[in-house]
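Data first, discussion second: the structure below is written as structure tokens.
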Amino acid sequence: MPVLALALGGFAPAPKTIAPTKTAAESPSRSASKPAPRAVGKATPTKATWTTANIAAFDQILADRARHGLDRVEFLPAPADGAPPVDDAARTKAALYYAGALAQGRVDPASLHQVYTLPRPKVDLTTGLSRALAKGDLVAWFDGLPPQDAEYKQLSDAYLAFSAKASTATPVQAIPSGVIRVGNRDARVATIVEQLAESGYLPSSTDPLAVAPVPTPFSPTATTPAAPMIYTQAMAEALKGLQTDYGIAADGVVGPETLKVLNLGAGDRARALAVGLERRRWLARTPPPTRIDVNTAAAQLRYYRDGTMIDQRKVIVGEPGRETPALSSPIYRLVANPTWTVPKSIQNGEMANVGEEYLTAHNMVVRDGWIVQQPGPSNALGMVKFDMANDQAIYLHDTSAPGLFDRSQRHLSHGCVRVEDALGFARILAEDEGVGEAWQTAQDSGETSFVPLPRRIPVRLLYHNVYVDDAGKVAFRTDPYGWNDPIAEQLGFAKASAKRAEAQAIDIGP
């Protein structure tokens, strides 16, 4: 059994949160979220509003739906041979259908997740469509429905680019399996270099670090296909960047998991981008200006203050099978020197056979049938807990094993979010909220102490495996929970096998 000193994250039960249809909760506290109602009013636009100009405008709007990754969804079926032309009622229905997909998303997340509490947009689509038809400004109205932020626009542009490439490029043969290490000469190296350069991990061929000791396809002097190339240390360093981003052990060795990512093509990336656009359409258009966003797919936290990102850091989130759910839940207080009450699922599972010696070694006592770990540096919650208002037992906290933040694959916890340098982050929040002195006093006491925040800080637990990074580039990560496939299929994409994170050394902490 792993020692408890490795415990690094908050506890949450482990429901199966993605499924074709909603399933029963695994515990009373995990009740499924109610589906958000479609924001469509009772009135229906009159037939007279579908003028020739409006019909032409709507046809063009639908023709342009690839901008939103919705080009594989049929909103207005073309009439079959010999069938009557599309009437106004069918066109109205299609317009509301497409407007709903832009305003709230094509897929209802409540049908996929047992727990989904992120607020969705509320829009009166029927009234809006009626007005747009009456004014003859359908294009402007539809353009205003999807997210208007720069990230959505950048992901949209990337989707169009990758889709175009996937439709015109000659399919690339998958790189055959087999391990490659620094110093090996292998015919596959040229293709690996090409993939790394195309993905932005390797500089251009004119960079001395990128030039191999034999002619390569990137060399301006190469006139024939390259002979087997030597896999160099420079290439291995570039590969480590890709491995880190995709949650693979960053050892620079070309192994089976790395090849899965290297074999992803433009079509795979277009698919991920379409899902990324869909997820953003689920979100309220104006997020709280002061908030904490945790991207569970990338295991990353960003702290925004008055609309500006002022801090970011690594986090550890739920392992596959114990996924960190998609929540909107505020932090309402800081807990200095917290205790950890071991959940019954762990007490009766991983810890079922521990004895007094184990409990004593890990600073634990039994109270009313519950195992409680006392405050201190070895506590599974570390030195600070960020209490959040939700009924899922999900919160942010410190850890007693900070070394795990050095891992590239950080989907390791039982569901909660473990924050890198949590004490430093708590100090930032406390000072920003005007309770810095109270927090320092609580921390120095050595006792479990509670410091309420003057105002709650919203936290959004998001799942974005495609996003814009700090360098302003579109970044791709794996789909560690396998949550993309059901969405992609409803967007018209074929089933695909994605690289999944494989948790290792999962401890028995929260």
Counting only N and O atoms by type, is there a donor-acceptor contact under 3.5 Å from the side chain of R322 to the main-chain atoms of S413? no
Would you check, one step at a time, whether the test side chain to side chain contact (heavy atoms under 4.5 Å, CB included) holds for W483 with H113? CA-CA 9 Å; W483 283 0; H113 296 266; 3.2 Å; yes
Scanning both residues in full, the closest heavy-atom pair of A103 with L125 reads CB-CD2, 4.0 Å
Single hit among R271, H68, R106 for side chain to side chain contact (heavy atoms under 4.5 Å, CB included) with L491: R106
Taking C-beta and beyond as the side chain, do R477 and N295 meet within less than 4.5 Å on heavy atoms? no
So do H397 and P338 actually touch side chain to side chain, heavy atoms under 4.5 Å? no
Search all heavy atoms of N363 against all heavy atoms of P375 and return the closest pair with its distance. ND2-O, 3.4 Å
Checking S408 against Q243: is there a side-chain donor and acceptor pair closer than 3.5 Å? no
Quick one: do E74 and R65 make a salt bridge, cutoff under 4.0 Å? no
Nearest atoms (heavy-atom pairs only) where D108 meets S111: O-OG, 2.6 Å
Distance-minimising heavy-atom pair for N337 and S445: ND2-OG, 4.0 Å
Would you say the side chain of D470 lies within less than 4.5 Å of the side chain of R302, judging by non-hydrogen atoms? yes
Has K153 got more than 12 heavy atoms of other residues, nucleotides or ligands less than 6.0 Å from its NZ? no
Under 3.5 Å, is there a donor-acceptor pair between the side chain of S449 and the main chain of E447? yes
Rounded to the nearest 0.5 Å, what separation is found between the CZ atom of R269 and the OG atom of S163? 13.0 Å
Residues D421, R427: salt bridge by 4.0 Å N-O rule: no
Side chains of R67 and Y159 only: does a donor on one sit below 3.5 Å from an acceptor on the other? no
Indicate yes or no for a side-chain donor-acceptor contact from R313 to the backbone of E420 under 3.5 Å, with no hydrogens or angles considered. yes
Short question: side chain of Q347, backbone of G369 - any donor-acceptor pair under 3.5 Å? yes
Is it the case that the side chain of H411 and the backbone of A299 share a donor-acceptor pair, with hydrogens and angles ignored and the cut-off at 3.5 Å? no
Worked check of side chain to side chain contact (heavy atoms under 4.5 Å, CB included) between H362 and Q373: CA-CA 7 Å; H362 293 91; Q373 189 176 34; 4.3 Å; yes
Main chain of V372, side chain of T341: is a donor-acceptor contact present, judged purely on distance under 3.5 Å? no
Any side-chain heavy atom of Y395 sitting closer than 4.5 Å to one from V417? no
Can you tell me if Q154 uses its side chain to pair, donor with acceptor, with the backbone of Y152 under 3.5 Å? no
Between L412 and R407, is there a side-chain heavy-atom distance shorter than 4.5 Å? yes
Distance only, no hydrogens: is a donor on one side chain within 3.5 Å (strictly under) of an acceptor on the other, for H414 and E350? yes
Is it the case that the side chain of D485 and the backbone of K495 share a donor-acceptor pair, with hydrogens and angles ignored and the cut-off at 3.5 Å? no
Mind checking whether L283 and P147 have side chains closer than 4.5 Å, heavy atoms only? no
Would you give the length of the straight line joining atom CG of D124 to atom CG of L129, rounded to the nearest 0.5 angstrom? 10.5 Å
Residues R279, H464; criterion side chain to side chain contact (heavy atoms under 4.5 Å, CB included); working and verdict: CA-CA 8 Å; R279 290 188 184 280; H464 291 165; 4.1 Å; yes
Taking the side chain as every heavy atom from C-beta outward, state whether L461 and V317 have any atom pair closer than 4.5 Å. no
Determine the minimum heavy-atom distance between W439 and A430, stating which atoms define it. CB-CB, 3.7 Å
When rounded to the nearest 0.5 Å, the distance separating NZ of K240 from OH of Y201 is 15.0 Å
Has E437 got more than 12 heavy atoms of other residues, nucleotides or ligands less than 6.0 Å from its CD? no
Between the side chain of Q104 and the main-chain N/O of P121, is any donor-acceptor distance below 3.5 Å? yes
Result of checking D479, T478, N484 against N465 for side chain to side chain donor-acceptor pair (under 3.5 Å): N484
What are the two closest heavy atoms between P287 and R285, and how far apart are they? CD-O, 3.5 Å
Value for CG (D311) from CZ (R305), rounded to nearest 0.5 Å, stands at 12.0 Å
Please report the C-alpha distance between W370 and V342 in whole Å, then the side-chain angles of each, then the deciding distance to 0.1 Å, and finally whether the side chain to side chain contact (heavy atoms under 4.5 Å, CB included) criterion is met. CA-CA 7 Å; W370 293 82; V342 179; over 6 Å; no
Are Y358 and M351 side-chain neighbours, meaning at least one heavy-atom pair lies under 4.5 Å? yes
Rounded to the nearest 0.5 angstrom, the CZ-CG distance for R410 and L404 is 10.5 Å
Nearest 0.5 Å, what's the CZ-CZ distance between R456 and R333? 10.5 Å
Between Y98 and F58, does the ring centroid distance fall short of 6.0 Å? no
Ring geometry between Y481 and Y463 (parallel below 30°, tilted from 30 to 60°, perpendicular above 60°): parallel
Between T290 (side chain) and D306 (backbone), is there a donor-acceptor pair under 3.5 Å? yes
Could you check whether D268 pairs with K260 (Lys NZ or Arg NE/NH1/NH2 to Asp/Glu carboxylate O, under 4.0 Å)? no
